[in-house]
Amino acid sequence: MQKHKLILYIMDYTPLAVKAIENLHELCKKPEIEKLYEPEVVNLREHPNLAAQEKIIATPVLIKKQPDPVRRFVGDLSDHNRILIGLGLYEKAQ
Amino acid sequence: MKRPNEDASNKDLIESLLDAIAGAILILNPDGKILVVNQAASRMLNKPKNELIGVEFSFPFAVGESDEMEVHMPNAEVRYVYSQVSEHSWENEKAYFVTLLDITKYKQLLKKLQVADTVFRYAKEGIIVTNKEGDIISVNDEFCKITGYSEQEVTGKNPSILKSDKQDTQFYQDMWESIKRNGFWVGQIWNKNKNNEVYPELLAVSEVRNEVGQVTNYVGVFYNISKQVEEQNRTIHRIQFYDELTGLPNRVLLPQLLDEKIKIAVSNNENLALVKVDVDDYSNLADEYGQEFGAKLLQHLSHVLYSCLQINDILARTQNDVFAAVLTHLQDKLAYTRFINMVNRRLASPISIDGKEVKISVSFGVTVLQETQPQQPEQMLKQAARAVYQAKLKGYNKCVVFDPQSETKQIEYNIYLDKLIAAMHHGEFELYCQPKINLQTNAVVGVEALVRWNHPGKGVLNPGVFLPTASSSEFELQLDKWVIEYCLEHFLFLGGIGDDLSVSVNINVLDLEEKSFIAWLSKLAQQQPNGKFKNLEFEILETSAITDLKHLAYLIKKANKLGLTFSLDDFGTAYSSLAYLKNLPLEYMKIDQDFVRNCVDSVKDREILQGILALAEAINVKVVAEGAETDQHLDMLREMGADCAQGYAIAKPMPLKEFIKWREAWNKKHHIVKERDD
């Protein structure tokens, strides 16, 4: 089964962005996530048009487009439960 | 029951109220979509409200929890935003209120503090921070490393716990005065670590002031400079005691090393010799080939000399081209010759430096340690120096061994010179006048000033008795100067010998060559009334010492400008030379008294005298004949055509008072009315 993407948009590898990347990789090690998603990091500095295209207000921001609904998580992604809830996986994890 | 537009107006009112709030607020629906954004939030996120409303911001955070995010400005600046979520309702639906706080400045400050903390923690300098009372509030790792104290051990204590006794109270007072006056102090200080070991540190103390200028803290930053000080001391020691060019001990260290060797030799009853080695003609070699070549030559020579030593011997470089070898464990007193012979053999072949081949030789001055009365190092060094000086006088590549008996003679000589100097200072010298007459008119034309020593025990002594020993010495220069000053003071004034007469004084050619002599004369001339100097004549003695005729002629011309005239004394004796007459600007020449004395009886002397007079006439130099002891001499000289004469036939040297009376009588006897006849 093809995995969906969890795309982390950052603007340069700032300390906050680095923290978010680390947390994302940690998160993706969870079996329920790993089964469905694969992480990707996009540096907006290298893709300047994407910020406007994706209507990104602040970084780092993790965007899940598929499956519906679209979800965004701003911040360092240290609160894994919030993300699991947002992805509808919290109860499964519990 | 509420009317529909009542809800709308309530919503507008709340939104207006939100806009009026300084804090940034977003209202999100449970999916994270922005429902409401106030003005402050719009400004903070740098987007107009309409671009933000409806945009998915973030899946709501857990209530009460906070997060941090970056908002990117168009000018590439990053704004750091802190957010906090609370759950409420909006339009009767569940909603999340997100308050945003701009923490950019806080983050920047934090970053600075982190940098400062990193610097503080990991600096290679010890750092100590005190409060304004001077109590330690913080120290860094390096401080702990250098001092051996932990942070806990020193916190709350005064930095004086590190104080050593190497600085006095005044030092610390000056330091604190500087801090108060300038806000800082930098300098070297000796402190003490936990193990009571004293070490040098380079310390900078600065005061820290708050925004209203009050001192809040003092910061001391220091660096342990033990290694640098050790290195510095090593360098100073090297410079002080070793020769930079050859690496050999220098003249400062040699006496210490020699002292040690003498002590060993004395206690072991061994022979020891000190040999000074002076390079022959070094300055000419260096002039010809350059200083760099000269330096390499000396380095090469140091290797040669070193190779001729034996174990425990010492080689030092004491002057530019002078080395000294301390030869120890010698089998007998003559065993120094091994070293000398080896050096000579090694220097027999030309030396090649930078492709240039030169042949060098050295002179040796040796002194041997005396068994009965061992010398001090300084004494041995002087003896060797004197010996090498004597060797140099003898020519190239000579060796002179110091003779202890000559030292005794030297000591006696020095005592004698001291006696002469004391006699001069005690006014025991006096000048006598011996008249000179014009042989044709019998008129007195001048006097020769001759020094006499009124010796307290031996009576009046002639220079022939007391001066030869001191000839050409520093004392003679002092005496000649004294004579000139005495003449100016006692003879050359009205009531003295008479202002129509000249006074001649004897002067050593070495005086003239003395660097400051002409300047001294010039200064003296300026102090004299007009014309007084014009009556002064110098009779040049010791012509044997003339080495540079051209230079001497130049000096005489300089003295001529001051009004002085010159004559050549004792012409016809061993060292007289026609070249002097030809090249020196002379007024008179004095014919040696032996010719005059013998001219009556010896045809040969008479002929020589005749020849000298003819010569003088030819080169337009006037002649004074000395040693005219009888009337017969005077008649003969007159007949031969000599200009002037001086001698017992006219008068013996006499004190000034006697001369005045004598002259009156002489003039009367010879019916002389004209004061001067020249």
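Order of the sequence lines fixes the chain letters, A, B, ..., with proteins taken first and strands second; residue numbering starts at 1 for each chain. The shown structure was predicted, so the numbers you read here are calculated from the model rather than taken from an experiment.
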Contact leader toward chain A among R79(B), H72(B), E68(B), where contacts are heavy-atom pairs under 4.5 Å: H72(B)

OG1 on T14(A) to NZ on K107(B), rounded to 0.5 Å: 8.5 Å

What closest approach, in Å, do E70(B) and A17(A) show between heavy atoms, and which atom pair accounts for it? OE2-N, 4.4 Å

Nearest-0.5 Å distance, CD of residue E51(B) to NZ of residue K55(A): 8.5 Å

Under the criterion side-chain contact (heavy atoms from CB on, under 4.5 Å), which of L16(A), D76(A), V74(A), L77(A) is the partner of D67(B)? D76(A)

Flag side-chain contact, heavy atom, 4.5 Å: S58(B) against R82(A): yes

Could you tell me whether Y199(B) atom OH has more than 12 heavy atoms of other residues or ligands within 6.0 Å of it? yes

Please report the C-alpha distance between M11(A) and V78(B) in whole Å, then the side-chain angles of each, then the deciding distance to 0.1 Å, and finally whether the side-chain contact (heavy atoms from CB on, under 4.5 Å) criterion is met. CA-CA 9 Å; M11(A) 183 69 92; V78(B) 178; 5.9 Å; no

Please name the residue in the list I57(A), V61(A), I56(A) that meets the side-chain contact (heavy atoms from CB on, under 4.5 Å) test with F57(B). I57(A)

Are F59(B) and I85(A) side-chain neighbours, meaning at least one heavy-atom pair lies under 4.5 Å? yes

Shortest non-hydrogen contact from E56(B) toward R72(A): O-CD, 3.1 Å

Do other residues, nucleotides or ligands put more than 12 heavy atoms under 6.0 Å from the NZ atom of K49(B)? yes

